[in-house]
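One-based numbering along the sequence shown.
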Amino acid sequence: DHEFVLHPADVEGGLTISPRELSVRIPARQEGKAVFSVQVSENASPGIRIQTIDVAFDGRYLHEWCESLIDVKLSS
């Protein structure tokens with residue numbers, strides 16, 4: 001098993017990602033899943049944001065190793 005510690009980077013434009021740190025234990029040769037929440041403020045502007053996550057495990061640190069795209073659409 002490996003324990004991975006995930007740290008989402010700050011996202012500009014009125015988005016808040018939580019939790020700020022998440023640990024997941026994944027067995028060898030298996031896939032895992034981590035779930036984060038995205039909160040959009042009333043001041044957020046529409047558009048696409050890139051969310052990166054730093055990953056630490058076994059004494060290694062991978063800066064901005066994972067990424068996702070967040071498409072902010074505001075209701076009228």
Verify same cluster id: Ile50, Val72 (apolar side-chain graph, 4.5 Å):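 No, because Ile50 and Val72 fall into different hydrophobic clusters, even though each may have its own neighbours under 4.5 Å.
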
Common cluster, Val11/Leu74, ILVMFWY with side-chain heavy-atom separation under 4.5 Å: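 Yes; Leu74 is reachable from Val11 via cluster members.
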
Approximate separation, where rounding is to 0.5 Å, of [X] [atom1] and [Y] [atom2]:
X: Ser23; Y: His7; atom1: OG; atom2: NE2; answer: 7.5 Å
X: Ile53; Y: Leu6; atom1: CD1; atom2: CG; answer: 6.0 Å
X: Phe4; Y: Trp65; atom1: CZ; atom2: CH2; answer: 11.5 Å

Test item: [X] side-chain N/O and [Y] main-chain N/O as donor-acceptor pair under 3.5 Å:
X: Gln51; Y: Ile70; result: no
X: Arg49; Y: Gly47; result: yes
X: Asn43; Y: Gly14; result: no

Trace of the side-chain contact (heavy atoms from CB on, under 4.5 Å) decision for Asp54 with His63: CA-CA 5 Å; Asp54 299 336; His63 181 65; 3.3 Å; yes

Measure the shortest side-chain to side-chain distance between [X] and [Y] over non-hydrogen atoms and say whether it is less than 4.5 angstrom.
X: Phe36; Y: Leu22; result: yes
X: Gln39; Y: Leu15; result: no
X: Asp10; Y: Arg20; result: yes
X: Thr52; Y: Cys66; result: no

Shortest non-hydrogen separation from Asp1 to Pro27 and the atoms involved: OD1-CA, 3.2 Å

Heavy atoms from other residues, nucleotides or ligands near CG of Leu62 exceed 12 (cutoff 6.0 Å): yes

Residues that, via side-chain heavy atoms closer than 4.5 angstrom, fall in one hydrophobic cluster with Tyr61: none

